[in-house]
There are 2 protein chains.
Amino acid sequence: MTKPFSFIDDYLAYLLARSSHLVSEQFHHQIQAQGWSTNYWRILASLSDEDGLTLTQLNQRVLFKQPTLSKLVVKMESEKLLIRQKDDADKRSVKITISPKGRTLVADLLAQAKAHEKKVLADYSEEQQQLLKGMLRRLVLHLQD
Amino acid sequence: MTKPFSFIDDYLAYLLARSSHLVSEQFHHQIQAQGWSTNYWRILASLSDEDGLTLTQLNQRVLFKQPTLSKLVVKMESEKLLIRQKDDADKRSVKITISPKGRTLVADLLAQAKAHEKKVLADYSEEQQQLLKGMLRRLVLHLQD
DNA sequence: CATTTTTATATGAAAATGAATACAACTACT
DNA sequence: AGTAGTTGTATTCATTTTCATATAAAAATG
């Protein structure tokens with residue numbers, strides 16, 4: 001009995017990239033149809049858990065290059081979605097907070113995201129969902145140092 | 001007992017994006033250190049399993065936008081890594097084949113990729129690896145229609 | 001503490017990307 | 001066959017992203 005899968009279908013990096021792509025794709029369309037950029041969503045979602053992050057801290061969650069995030073954040077501030085303020089403790093740092101306008105937006109998007117995930121995982125039992133997420137969490141923890 | 005995870009750490013799309021990012025990151029650095037673009041790697045890897053794909057077919061595996069792939073493929077042909085030829089059956093189509101030069105490159109990169117994956121999954125038992133990959137494969141199948 | 005090194009963010013020029021579209025070839029329908 | 005719609009690829013142009021670097025502040029060093 002030989003290996004049943006082609007390289008690509010047995011290559012973890014590809015399976016992750018592909019599933020990530022597919023899962024996000026639909027939802028990104030949904031967001032874009034409402035006139036929002038997916039970058040905005042990613043930034044707001046990352047801030048939704050823990051507000052007042054530094055640009056660097058935010059950058060670690062949001063998976064952008066630093067100059068990209070820097071510019072996006074300035075732009076989002078100009079659209080009143082975020083507030084940027086110098087950190088008093090370290091005057092190089094910029095602390096980023098969601099504005100009230102941003103909060104209402106992210107609340108809406110979070111609800112949509114949860115609903116979308118529910119659909120994506122509709123065929124999975126609660127145990128399977130936790131198993132999948134748990135394995136991914138473990139992988140992330142394992143790799144991020 | 002309340003929910004132990006923040007939104008982001010319990011959101012499948014994020015877990016996938018993050019783990020995908022982390023897994024690929026190191027390997028991409030490794031490739032870039034050798035002077036190769038990660039886009040080239042993705043294209044060559046996708047072709048390694050099944051040569052002579054059409055641009056559209058290749059595009060489905062490689063997760064680029066069509067104009068991006070179109071340009072990359074022309075560029076790679078000019079560097080003698082690929083061969084583009086009109087499909088006789090359908091003269092709109094371009095069939096893409098790996099050149100001999102491309103073959104030696106991809107053989108090298110495939111070996112590196114497998115070695116890298118082995119390191120990434122070093123802490124996982126064979127069963128766990130198959131479980132993880134199986135779940136991802138299932139997710140991909142489930143979503144790609 | 002003065003000096004060097006490191007860290008946090010911003011910016012400008014250059015490259016990559018993508019939406020829209022053009023164009024050519026194929027398919028379906030009448 | 002002729003026409004209308006569809007599909008496969010290339011191209012254009014505006015936007016986005018990134019590399020390289022600047023700047024300023026903090027930390028480390030002697």
Side-chain angles (χ1 to χ4, degrees), chain A residues 17 20-21 24-44 46-47 50 52-79 81-97 145, chain B residues 17 21 24-25 28-29 31-43 46-47 50 52-79 81-97:
Chain A
S20 172
H21 181 85
S24 297
E25 197 176 35
Q26 309 167 28
F27 186 59
H28 285 179
H29 286 320
Q30 188 176 319
I31 289 178
Q32 285 166 349
Q34 300 168 49
W36 297 108
S37 97
T38 64
N39 287 344
Y40 281 24
W41 156 239
R42 286 168 64 180
I43 290 172
L44 288 171
S46 298
L47 285 168
E50 201 183 344
L53 292 176
T54 271
L55 193 82
T56 304
Q57 295 171 325
L58 178 57
N59 199 39
Q60 278 155 226
R61 326 204 171 193
V62 96
L63 315 174
F64 292 129
K65 295 278 163 20
Q66 180 267 319
T68 305
L69 181 62
S70 192
K71 285 163 192 167
L72 281 169
V73 159
V74 168
K75 196 168 156 206
M76 289 176 77
E77 185 187 40
S78 78
E79 296 174 23
L81 293 168
L82 299 180
I83 300 162
R84 289 172 351 118
Q85 44 196 121
K86 287 229 160 55
D87 186 348
D88 273 329
D90 182 341
K91 285 176 191 165
R92 296 167 302 179
S93 294
V94 176
K95 287 209 302 181
I96 299 157
T97 319
D145 322 284
Chain B
H21 182 84
S24 297
E25 198 177 35
H28 285 180
H29 286 320
I31 288 179
Q32 285 166 348
Q34 300 167 51
W36 297 108
S37 96
T38 64
N39 287 344
Y40 281 25
W41 155 239
R42 285 168 63 180
I43 290 172
S46 298
L47 285 168
E50 201 182 346
L53 293 176
T54 270
L55 194 82
T56 304
Q57 294 170 326
L58 178 57
N59 199 39
Q60 278 156 224
R61 326 204 171 193
V62 95
L63 316 175
F64 291 129
K65 295 277 150 57
Q66 182 267 321
T68 304
L69 181 61
S70 192
K71 286 163 198 167
L72 281 169
V73 159
V74 168
K75 195 169 156 206
M76 289 176 77
E77 185 187 40
S78 78
E79 296 175 23
L81 293 168
L82 299 180
I83 300 163
R84 288 172 353 119
Q85 44 194 122
K86 288 229 158 57
D87 186 348
D88 273 328
D90 183 341
K91 286 176 189 164
R92 296 167 302 180
S93 292
V94 176
K95 287 209 303 182
I96 298 157
T97 320

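Throughout, a chain's letter reflects where its sequence line sits, starting with A, and its residues are numbered from 1.
Counting any heavy atom pair closer than 4.0 Å across all strands shown, A:S70 reaches a base atom.
D:dT11 atom C1' lies 15 Å from atom CG of B:L69, rounded to whole Å. Rounded to an integer number of Å, the gap from CG of B:N59 to P of D:dT9 is 9 Å. Spacing between atom CZ of A:F64 and atom P of D:dC19 amounts to 15 Å, rounded to whole angstrom units. A straight line from CG of B:L72 to P of D:dT11 spans 14 Å, rounded to a whole angstrom.
Within the 4.0 Å cut-off from OP1 or OP2 of D:dT18, at least one side-chain nitrogen or oxygen of A:T68 is found.
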Without placing hydrogens or testing angles, list every side-chain donor-acceptor pair under 3.5 Å for residues 55-68 of chain B, not counting sequence neighbours.
| unit_1 | atom_1 | unit_2 | atom_2 | d |
| --- | --- | --- | --- | --- |
| B:Q57 | OE1 | B:T54 | N | 2.8 |
| B:R61 | NH1 | B:E50 | OE1 | 3.0 |
| B:R61 | NH2 | B:E50 | OE1 | 3.3 |

Review item, side-chain donor-acceptor pairs of residues 33-40 of chain B, under 3.5 Å, at least two apart:
| unit_1 | atom_1 | unit_2 | atom_2 | d |
| --- | --- | --- | --- | --- |
| B:Q34 | OE1 | B:Q112 | NE2 | 2.9 |
| B:Q34 | NE2 | B:Q30 | O | 3.1 |
| B:Q34 | NE2 | B:Q112 | OE1 | 2.7 |
| B:S37 | OG | B:N39 | N | 3.3 |
| B:S37 | OG | B:Y40 | N | 3.0 |
| B:Y40 | OH | B:E79 | OE1 | 3.3 |
| B:Y40 | OH | B:E79 | OE2 | 2.9 |

Under 3.5 Å donor-acceptor pairs involving side-chain atoms of residues 81-94 of chain B, not counting sequence neighbours:
| unit_1 | atom_1 | unit_2 | atom_2 | d |
| --- | --- | --- | --- | --- |
| B:R84 | NE | B:E77 | OE1 | 3.1 |
| B:D87 | OD1 | B:A89 | N | 2.9 |
| B:D90 | OD1 | B:R92 | N | 3.0 |
| B:D90 | OD1 | B:R92 | NE | 3.1 |
| B:D90 | OD2 | B:R92 | NH2 | 2.8 |

A:T97 and A:L47: CA distance, side-chain angles, deciding distance, side-chain contact (heavy atoms from CB on, under 4.5 Å) verdict: CA-CA 7 Å; A:T97 319; A:L47 285 168; over 6 Å; no
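Rounding to the nearest 0.5 Å gives a distance of 12.0 Å between CD of A:Q26 and CD1 of A:I31.
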Please list, for nucleotides 12-15 of chain D, all pairs of protein and nucleotide N/O atoms separated by less than 3.5 Å.
| unit_1 | atom_1 | unit_2 | atom_2 | d |
| --- | --- | --- | --- | --- |
| D:dT12 | O4 | B:K71 | NZ | 3.2 |

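With the end axes of the helix from C:dC1-D:dG30 to C:dT30-D:dA1 each set by five pairs, the angle from one to the other reads 30° at 10° resolution.
Nucleotides of DNA chain C that come within less than 4.0 Å of any heavy atom of chain A span, from the 5' end to the 3' end, C:dT7 to C:dA13.
Every ring-ring contact (aromatic ring centres under 6.0 Å, His included) that B:W41 has, sequence neighbours left out, goes to B:F27.
If you check residues 31-40 of chain B against DNA chain D, you find no residue with a heavy atom closer than 4.0 Å.
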Where protein sits on nucleotides 21-28 of chain D, one letter per nucleotide: B base, S sugar-phosphate only, - none, heavy atoms under 4.0 Å: ---BBS--
